[in-house]
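Notes for the one structure printed next.
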Protein chains: 2
Amino acid sequence: MSSVDKIDLKIIEMLAADSRRSLADIGNSVDLAPSSVNERIRRLVASGVIRRFTVEVDPAALDRATQIYVWVALREDADEGAFREFAGTDPRIEECHHVTGAWSYLIKLRLKDVSAVEEFLSDLKSANFLGRSETVLALSSPVEAGVIPKGA
Amino acid sequence: MSSVDKIDLKIIEMLAADSRRSLADIGNSVDLAPSSVNERIRRLVASGVIRRFTVEVDPAALDRATQIYVWVALREDADEGAFREFAGTDPRIEECHHVTGAWSYLIKLRLKDVSAVEEFLSDLKSANFLGRSETVLALSSPVEAGVIPKGA
DNA sequence: CAATATCACCGTACTTTTTGCGGCATCCGA
DNA sequence: TCGGATGCCGCAAAAAGTACGGTGATATTG
């Protein structure tokens, strides 16, 4: 079994904080030789526990400083498969969840500014997805992660 | 001014997809010498455009496969500063936004399972933050990022 | 308009890190 | 108790990252 033990967890934590740390450096913290740390990381990646090495970027630098949530009820006749496809492709959509409650989907957007919301909604509408929707703006975010551009 | 030109953007994209790509490899794609790519990355990090090198982890491996949104209205007498402090510290909270609309905060949680929601709400309550709340479960997520553990 | 300063890039030499692999101890199952 | 696996180690080779002086283009200024 691929268990992810205490040491793996510590390694993951260190990599999450700074994935450029050297194997020797990490090895020091977990009391393992560099080659052993390497082997563990290799296994974590191979088993899919670590999905990818990446960078976290300042949203403002990418013109995506504005965070917006949109509750969506799809049209009765909407092609739900096509909608999911659209959601996965559109770079403005950071998250999209099928949710409990009165609405069917919750979409999280990252946009340049609030004026871009209108364009997004009109895109949804012209693709015949949109029944009703409700938009919520994030005014400030005590806890927020940076952006990580979607994989190609 | 720190502009982030076309080339920087491409570099960022490549690093986002795989931050372990070699400078030589990246250099090939943007037609720059390794040392030049290095210099650009150094500047992107120094200027804060790239916030950190990190890893994206499978939520399930960290026992955080369940995504939950909680609308929160703070108690009238709640210490808002303390609440923000709490939100920033609690590892269960992935995001916390002050939002427009009927509720004051929108919190995104990553938990082991739905049963952990109750515990979270009771924590909020016993810290005297909670006025009213409404919980929304994510059933499935067409678009979802992996977890990136908060920095220490 | 010419002299000069600045900037980004390049190539090379140097250092550090990663990677591959044989060998060894330990733990488990037969 | 006897394999057999598993995880770790250390070393050597390969690769990657880093530092830096030099160069040409572009911008600045007298």
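Letters A, B, ... are given to chains in the order of the sequence lines, protein chains preceding strands, and every chain is numbered from 1.
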Pairwise distance CG(A/L32) to CD1(A/I26) - rounded to 0.5 angstrom
10.5 Å

Roughly how bent is the helix from C/dC1-D/dG30 to C/dA30-D/dT1 end to end, in steps of 10 degrees, with each end axis from five pairs?
30°

According to a strict under-4.0 Å criterion, is B/S36 in side-chain N/O contact with OP1 or OP2 of C/dA8?
no

Spacing between B/D31 atom CG and C/dC9 atom P, to the nearest angstrom:
12 Å

Going by the rule ring-ring contact (aromatic ring centres under 6.0 Å, His included), which residues pair with A/F120 if we only count those two or more places apart in sequence or in a different chain?
none

Charged N to carboxylate O under 4.0 angstrom, A/R52 versus B/D18?
no

Is the side chain of A/S19 donor-acceptor paired with the backbone N or O of A/A16 at a distance under 3.5 Å, no angle test?
no

Distance in angstrom units between A/R43 CZ and C/dT19 P, rounded
15 Å

Would you please classify the geometry between the B/F129 ring and the B/F86 ring as parallel, tilted or perpendicular, with 30° and 60° separating the classes?
tilted

Tell me: CD1 of B/I7 to P of C/dA8, nearest whole Å?
11 Å

Taking CD1 from A/I11 and P from D/dG7, how many angstroms apart are they, rounded to a whole number?
13 Å

Between A/D123 and A/R92, does any NZ, NE, NH1 or NH2 come within less than 4.0 Å of an OD or OE carboxylate oxygen?
yes

At under 4.0 Å between heavy atoms, which parts of nucleotides 12-21 of chain D does protein reach? Answer with one letter per nucleotide, 5' to 3': B base, S sugar-phosphate only, - none.
----SSSB--

Specify the separation, in whole Å, of atom CD of A/E39 and atom C1' of C/dC21.
11 Å

In terms of side-chain heavy atoms, does B/Y105 have a donor or acceptor partner in B/E80 at a distance below 3.5 Å?
yes

Do A/S29 and A/M14 have side chains that get closer than 4.5 Å, going by heavy atoms?
yes

